[in-house]
Amino acid sequence: MTLTVRRLHGADSGALAELVELDAPIKTTKKRLVEDLAALGYRIDESLSFNYVNGHNPGPAYPARSNYIVEADTGISFAHFSLARRDDRFRALQEFRYHDRLIGGRRYEL
């Protein structure tokens with residue numbers, strides 16, 4: 001599902017409107033998120049994940065969580081430029097990350 005919103009540029013009545021598409025997050029549970037990541041060979045490193053309020057995107061501010069995803073077997077960040085794997089599991093993770101998850105009213109950014 002895609003939500004389209006208008007963002008205005010400038011403060012006057014002649015401001016330009018820009019259409020911005022935002023992907024709706026998938027509603028789930030923390031347990032399911034952990035299980036889904038584990039099935040791909042990854043986990044969330046809670047010591048490097050954090051909660052915040054996202055107010056920089058179009059639309060109203062919302063509670064969010066930035067999640068630090070690591071390889072389950074090595075603990076290396078999935079995004080490490082030279083050490084992280086680049087196999088089928090990584091490609092599946094990238095597809096999985098395309099949609100954020102909504103857990104208990106908080107948007108989990110992957």
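Residue indices begin at 1 and follow the sequence shown.
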Sequence neighbours excluded, the answer for side-chain hydrogen bond (donor to acceptor under 3.5 Å, both in side chains) partners of D87 is none
For Y68, the other hydrophobic cluster members (4.5 Å side-chain criterion, sorted by chain and number) are L48, V70
For I103, the hydrophobic cluster (side chain heavy atoms closer than 4.5 Å, chained through members) also holds L33, L37, L40, Y42, I44, I69, F78, F90, L93, F96, Y108, L110
Q: Apply side chain to side chain contact (heavy atoms under 4.5 Å, CB included) to the pair D73 and R85, showing each step before the final yes or no.
A: CA-CA 11 Å; D73 56 346; R85 67 174 61 102; 2.7 Å; yes
How about R91: does its CZ atom have over 12 heavy atoms from other parts shown lying under 6.0 Å from it? yes
Contacts of E46 meeting side-chain hydrogen bond (donor to acceptor under 3.5 Å, both in side chains) (sequence neighbours excluded), chain-then-number -> K30, R65
On a heavy-atom basis, the closest approach of G55 and A61 is CA-CB, 3.9 Å
Closest non-hydrogen atoms of G41 and R89, given as atom of the first, atom of the second and distance, are CA-NH1, 4.1 Å
In this structure, NE2 of H99 is separated from OG1 of T28 (nearest 0.5 Å) by 13.5 Å
Contacts of D45 meeting salt bridge (Lys or Arg N to Asp or Glu O under 4.0 Å) (sequence neighbours excluded), chain-then-number -> none
Applying side-chain hydrogen bond (donor to acceptor under 3.5 Å, both in side chains) to Y52 and not counting sequence neighbours gives E109
Residue set satisfying side chain to side chain contact (heavy atoms under 4.5 Å, CB included) with K31, at least two apart, ordered chain then number -> T29, E35
inquiry  = Run N54 and R107 through side chain to side chain contact (heavy atoms under 4.5 Å, CB included) and show every step you take.
reply    = CA-CA 9 Å; N54 188 328; R107 190 173 186 140; over 6 Å; no
Original post:
If only atom types and distance count, is the side chain of E71 paired as donor or acceptor with the main-chain N or O of A84 below 3.5 Å?
Top reply: no
side-chain hydrogen bond (donor to acceptor under 3.5 Å, both in side chains) filter on S77, not counting sequence neighbours, yields none
